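All remarks here apply to the structure that follows.
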Amino acid sequence: MSEIEERVKEIRDQAIDKIRRAEALGSLNEIRVGILGKKGTLTQVMKMMRDVPKEEKPMVGKWVNEARQEIEAQLAESRERLEAAAMNDRLKNEAIDVTLPAKKINVGHRHPNSIALEEVERIFTGMGYEVMEGPEIEYDEYNFTKLNIPPNHPAKDEQDTFYITDDILLRTQTSPIQARVMEQGKVPIRMIAPGRVFRSDEVDATHSPSFHQIEGLVIDKGITFADLKGTLDIFAKKMFGEDTKTKFRPHHFPFTEPSAEMDVSCFKCGGKGCRFCKGEGWIEILGCGMVHPHVLEMCGLDPNEYGGFAFGVGLERIALLKYEIDDMRLLYENDVRFLSQF
Ligand code: DAH
């Protein structure tokens with residue numbers, strides 16, 4: 001056997017042995033480069049061909065090629081074996097135990113304010129009202145002047161206000177939406193307008209610097225106080241139960257004349273007097289009145305032709321009453337243990 005033939009056999013045997021014993025796909029590649037790469041051992045043999053006598057060249061070529069084929073066959077076999085092993089490992093490690101109990105996904109819960117608002121919206125849209133909105137940052141002019149509260153009017157002091165500039169403020173009530181809607185001049189109007197309002201109040205069980213109101217406005221020809229009473233009576237019955245009675249007490253609001261506050265009979269005791277209604281039998285829930293002619297005028301409507309009524313409800317007040325919550329602060333803490341009760 002010639003020296004070259006022996007060298008080729010030696011390379012082949014060592015290679016096949018190494019490849020068989022390889023334990024990782026990465027090392028297989030290293031081995032392949034070490035034998036068949038540019039500077040690999042078998043490639044070196046090919047380079048020695050220069051010095052081989054002409055008649056022996058085909059023989060040497062044949063040995064090298066055969067060795068190469070055997071090595072490549074072994075490489076393929078080992079690669080397959082290692083890939084299968086790797087796949088098995090992954091299947092084992094990433095196996096999912098479908099018999100394990102699933103993790104519970106925590107779903108949020110609607111806030112009592114949202115539930116109460118949806119209820120109010122449902123009642124009024126059912127009577128043909130539209131739901132409108134207005135800006136939380138409002139002009140003093142809309143928040144006060146156009147609602148018949150001129151500069152220096154004492155009613156301005158009742159609503160401690162967050163001013164941004166002399167003319168711009170965080171709205172203290174949703175009533176400015178009345179002025180904005182009337183100004184658009186599309187009559188008749190039947191709308192409610194819920195929204196956040198702001199007052200510079202200290203936080204306690206019944207106050208917060210930010211709370212919500214729902215404004216209501218109806219404008220048409222021939223609207224009377226009877227329409228106001230009938231509408232709000234239906235609202236009270238749908239909201240608090242069919243047995244609810246309503247009572248209108250004269251009051252004063254600058255933008256309505258006459259004005260009233262509406263009380264509902266206590267739905268806890270039915271009007272006898274209990275802890276819930278503080279022994280009164282009645283609970284105050286909203287302000288209302290016939291839109292003041294001067295307000296109509298300032299908003300571009302002719303008071304001789306059009307008239308209407310308006311009302312304003314505190315959303316928190318409704319939510320607190322309806323769900324018998326005794327501290328307003330609970331509504332703002334967003335404690336899921338509290339929220340999930342409604
Ligand atoms: N804006 C009034 C307030 O915040 C509530 C109110 C009373 C609204 C009478 C009205 C109304 O539309 O007619 O105290």
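Both counts, for ligands and for their atoms, begin at 1 and track the order of listing. On a predicted model such as this, the values are computed, not experimentally measured, just so you know.
- For the 3.5 Å distance criterion, the side chains of Gln178 and Glu215 qualify, holding a donor opposite an acceptor.
- Tracing side-chain contacts under 4.5 Å through hydrophobic residues (I, L, V, M, F, W, Y), one never reaches Ile123 starting from Ile189; they form parts of separate clusters.
- Pocket lining of ligand 1, defined as residues with a non-hydrogen atom under 4.0 Å away: Gln159, Gln173, Ser175, Gln178, Arg199, Gln213, Glu215, Phe253, Phe255, Thr256, Gly287, Cys288, Gly289, Ala310, Phe311, Gly312.
- Between Phe124 and Tyr129, the angle of the ring planes goes over 60°, which puts this pair in the perpendicular group of the 30/60° scheme.
- A salt bridge is absent between Lys9 and Glu6: the closest approach of a Lys/Arg side-chain nitrogen to an acidic carboxylate oxygen does not fall below 4.0 angstrom.
- Relative ring orientation between His292 and His294 is described as perpendicular, the plane-to-plane angle rising above 60° on a 0-90° scale split at 30° and 60°.
- In this structure, Tyr139 and Tyr142 have tilted ring planes: the angle between them lies in the 30° to 60° band.
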